[in-house]
Every structure is written in structure tokens, then in C-alpha cells.
Amino acid sequence: MGNADIRELAVIEEVSFAALSGSVVAVDAHNWLYRYLTTTVKWTNDAIYTTADGTEVANLVGVVQGLPKFFEHDLTPVFVFDGAVVDLKDEEVSERRRERERAEEKLEAARERGDDIAVARLESRTQRLTDTILRTTRELLGLLDVPVIEAPAEGEAQAAYMAREGDVDYVGTEDYDALLLGAPLTLRQLTSSGDPELMDFQATLARHDLTWEQLVDAAILMGTDFNEGISGIGPKTAVKLLAEHGDIWAVFEARDAYVDGADRIRELFLDPAVTDEYSVETDSSPDVAAAREFVCDRWEVDPGEVERGFERIEDSLVQTGLDQWE
DNA sequence: CTAAGCAA
DNA sequence: TTGCTTAGG
């Protein structure tokens, strides 16, 4: 599939958190939450992340554990939430449904034979961001005064747009799509322990002598989330073909191979639904006490699970407060 | 999912 | 160079 192929084209360098100090990052909220739920939190035990009535609250633990990373490095996160689901082609939708059903069958089988490791792995695959998870995440971010922006469609597209407009410095997501959406600078691995990775849009275009349209065309040839690539075309061949033929239509002609709905897929990347109705408020005053109460009292999370995170948030507040006097 | 190794 | 498989997180 295409993701690794796009990485192959992208100009990516490691950066230090220190180099990012003072900047604003538009975080793809769904991507960030998903990553936290599947890797950090979900991996350990399950019961403590569920309330007595069965509501999942692992997201709250994830938020409390994940935000300090931004604050401690003097990064301002802006969380961008998905709006309406972008409608895919019918076959794509049913393919995904089949995938999901297959995964859920396997999960059931693993449960029956008591294979805990397999259960954990499969659960992370079938994990869904429920309405409750999204709602409580927004509420907690609100209490901590972290800006939240509602995208009309894909959060990542909105984030990329805000970065292109210069309203934020970076897009934060693990997804390579940000590059196709024209996000000038994308940060990856903000949640993991090592240094972040910086993906540079203009440098990527320059390296391969491509226009934005051609980069998107190359991705479509190699395969994206929305289409199968053309067999036999990887990163090298895609770039060569576009240099030779100019655009995807000419390539189709020359190879007598076609991608269904290529014009629509192109549009999803080049001209996605976004809104100007947002404001990025960078000075914040988190109500940590209220956040604690929300997480531990309202949602019954064991204080031990989030205490360290709240402390780090409080400490980083003091720290930035001091910085202003230096 | 990502990296590495191998066949065509 | 691409695509497939396998190991590991």
C-alpha cells in the first residue's frame, strides 16, 4: 500500500523539541487520540480505563499523559477534530467493512481461546473513537484551555489549510497524507519518546522537481487510502512518469492503465472541504483543578493513573510563567 | 505499522 | 525497482 511509498518521496529530517519551542502545532485530534489509545494506554490493563457502567475513558488518561509533552517543550497544541466523514467510493466503504468484520471475528476467536496477547493486539485494531470518547476529550481540552477547532470534514485537511495560511507553524500527525494536503511542515512522532520527525513539503517538491499536483498524481499512481495503485508503479517510476508525461491523465494514456475516480481523489487532496471559521488562541489558562475533578470524580479514573500527568502540566505552567520574566 | 531481506 | 514475506513493536 501507498503509505510507505510516500515516505520514500518525502524529505524528512529529525528535529529536536528545543528547536520547536514557542511554535503552534495543529494536531489531527483523531489521529493523535487513536495513536494514544492503541499504543500507550490500551496496551496495559483494560479495567482501570472503564467506568462502572462500562464507558471507556482511556482517552482521558491519554490526554492527561499526552499534553505535558507539548507544554514542557513550550509548544502550543491546537486540536482539530474531524467533521463529517468524507464519502468514499462504495467499494472502498464495503472493503473497509469487510476488513472490520474479519478483524472482529478474529478477536472473538482469540477471546474464546483465551489468548490475551492476540486479544490486545486485535482490540487495538478494532478500536473506534466513540462519540463519548470524542465528547469527553473535547470537554477535557476545554477545561485545560487547549484550543479546539471543528473541521467541516477531515481534520487533517483543515490542519494543513491552517498551516498553509500561516495560522499555525506545523501540522502534527502520523499520517503522510498531510504532505499531499500541502501542509508546509509536518511533525511526526510527537507522541513517541524519541525526537520528532519533520516533513518538508517544499523541499519534497524541489527534490523531485514536482508540482503539488504532480505529487498528488504520483501518490494516486502508487496508491492512496482512496485507491489501489497501479501495479508496477512505485515511487521511482511514478516520479519518472510524471516528469515524462506531465500529469496523471497523460500517464494513464501512455500506460493504458486507469484509476477510477482519479479526479475526485485529486480534489480530496488539492481542494478539500475546509473552513475559515476558526481562531487560534495561543495564550491559555488551564483550570487544572476542574480537569482533575472531571477526570477523577466525574469519570472515575483512578487518580494514580493521571496524577503524574497533572503534576507535569502544573509544573510546565509555572515554568512558562517564569520564562516571561527572564 | 515499519524495517529488512529476497525473488523476479 | 517493485512486491511479498517475515520479524518485531
Side-chain angles (χ1 to χ4, degrees), chain A residues 1-15 27-46 58 62 65-66 69 92 95-96 98-100 102-104 106-107 110 115-129 154-156 171-181 186-199 204 207-210 214-215 217-245 248 251-252 254-259:
Chain A
M1 299 231 203
N3 273 357
D5 285 343
I6 294 167
R7 182 182 176 90
E8 204 64 36
L9 293 182
V11 171
I12 294 173
E13 57 176 298
E14 281 211 343
V15 288
V27 177
D28 178 356
H30 287 234
N31 184 283
W32 187 85
L33 270 176
Y34 193 83
R35 192 102 354 206
Y36 247 97
L37 292 183
T38 53
T39 59
T40 318
V41 176
K42 209 58 189 175
W43 210 240
T44 53
N45 57 63
D46 210 8
Q65 289 178 353
K69 189 118 180 195
E92 179 77 19
E95 178 53 36
R96 292 200 175 177
R98 270 197 296 278
E99 286 273 346
R100 175 168 292 283
R102 233 172 309 174
E104 275 167 5
K106 280 191 200 162
L107 175 58
D115 185 344
D116 291 345
I117 310 264
V119 168
R121 182 160 359 101
L122 291 164
E123 261 179 353
S124 74
R125 203 177 300 172
T126 55
Q127 176 78 43
R128 254 189 244 252
L129 297 179
E154 272 196 88
E156 195 169 33
V171 171
T173 178
E174 301 308 306
D175 239 313
Y176 293 105
D177 282 359
L179 197 67
L180 304 181
L181 289 160
T186 304
L187 291 169
R188 298 183 75 252
Q189 289 167 17
L190 283 171
T191 56
S192 47
S193 51
D195 283 336
E197 254 179 23
L198 180 65
M199 194 157 60
T204 300
R207 167 179 291 176
H208 306 288
D209 196 24
L210 296 171
Q214 288 175 319
L215 178 66
D217 284 353
I220 294 172
L221 292 172
M222 299 184 293
T224 71
D225 284 349
F226 308 104
N227 71 282
E228 285 284 307
I230 292 173
S231 179
I233 301 185
K236 304 284 186 184
T237 310
V239 169
K240 195 169 61 111
L241 287 171
L242 284 162
E244 210 170 328
H245 301 287
I248 201 170
V251 174
F252 287 162
R255 304 268 299 208
D256 196 31
Y258 300 86
V259 169

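Proteins get letters first, then strands, A, B, ... in listed order; numbering begins at 1 in each.
- Checked by atom type and distance alone, the side chain of A:Gln214 never pairs as donor or acceptor with a backbone atom of A:Ala243 at under 3.5 Å.
- Atom NE2 of A:His208 sits about 11.5 Å away from atom CG of A:Leu242, to the nearest 0.5 Å.
- A:Leu9 places its CG atom 12 Å from the P atom of C:dT1, with the value rounded to the nearest Å.
- The shortest side-chain heavy-atom distance between A:Pro235 and A:Met222 falls under the 4.5 Å cut-off.
- The CZ-C1' distance, from A:Arg255 to C:dT2, rounds to 11 Å in whole Å.
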Nucleotide N/O of nucleotides 3-5 of chain C paired with protein N/O under 3.5 Å:
{"unit_1": "C:dG3", "atom_1": "OP1", "unit_2": "A:Gly232", "atom_2": "N", "d": "2.3"}

Could you go step by step and tell me if A:Glu197 and A:Glu13 meet the side-chain contact (heavy atoms from CB on, under 4.5 Å) rule?
CA-CA 6 Å; A:Glu197 254 179 23; A:Glu13 57 176 298; over 6 Å; no
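- For A:Arg35, no side-chain nitrogen or oxygen approaches OP1 or OP2 of C:dG9 to under 4.0 Å.
- Going from atom CD1 of A:Ile12 over to atom C1' of B:dA3 covers 14 Å, rounded to whole Å.
- For the pair A:Arg188 and A:Tyr176, the minimum side-chain heavy-atom distance is below 4.5 Å.
- Proximity of A:Leu198 to A:Thr186: side-chain heavy atoms (C-beta onward) are nowhere separated by under 4.5 Å.
- Taking every side-chain heavy atom of A:Pro235 into account, C:dT2 is the closest of B:dT2, B:dA3, C:dT2.
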With side-chain contact (heavy atoms from CB on, under 4.5 Å) as the criterion, how do A:Glu156 and A:Leu181 come out once you've worked through the C-alpha distance, each side chain's angles and the decisive distance to 0.1 Å?
CA-CA 8 Å; A:Glu156 195 169 33; A:Leu181 289 160; 3.8 Å; yes
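- Rounded to whole angstrom, the span from the CD atom of A:Glu228 across to the C1' atom of C:dT2 amounts to 15 Å.
- The shortest heavy-atom contact between A:Arg35 and A:Glu174 is NE-CG, 3.2 Å.
- Relative to the side chain of A:Lys236, the nucleotides B:dA3, B:dT2, C:dT1 differ in distance, and C:dT1 lies closest.
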Please produce a list of atom pairs where a protein N or O lies less than 3.5 Å from an N or O of nucleotides 6-8 of chain B.
none

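- Checking C:dT2, B:dA3, B:dT2 against every side-chain atom of A:Arg188, the shortest atom distance belongs to B:dT2.
- Nucleotide B:dA3 holds its C1' atom 13 Å from the CD atom of A:Gln189, rounded to whole Å.
- For A:Leu221 and C:dT1, the CG to C1' distance is 15 Å, given to the nearest whole Å.
- Counting to the nearest Å, the P atom of B:dC1 and the CG atom of A:Asn31 are 12 Å from each other.
- Between A:Glu174 atom CD and C:dG9 atom C1' the separation is 14 Å, expressed in whole Å.
- Put simply, the side chain of A:Thr173 never gets that close to the backbone of A:Asp28: no donor and acceptor are under 3.5 Å apart.
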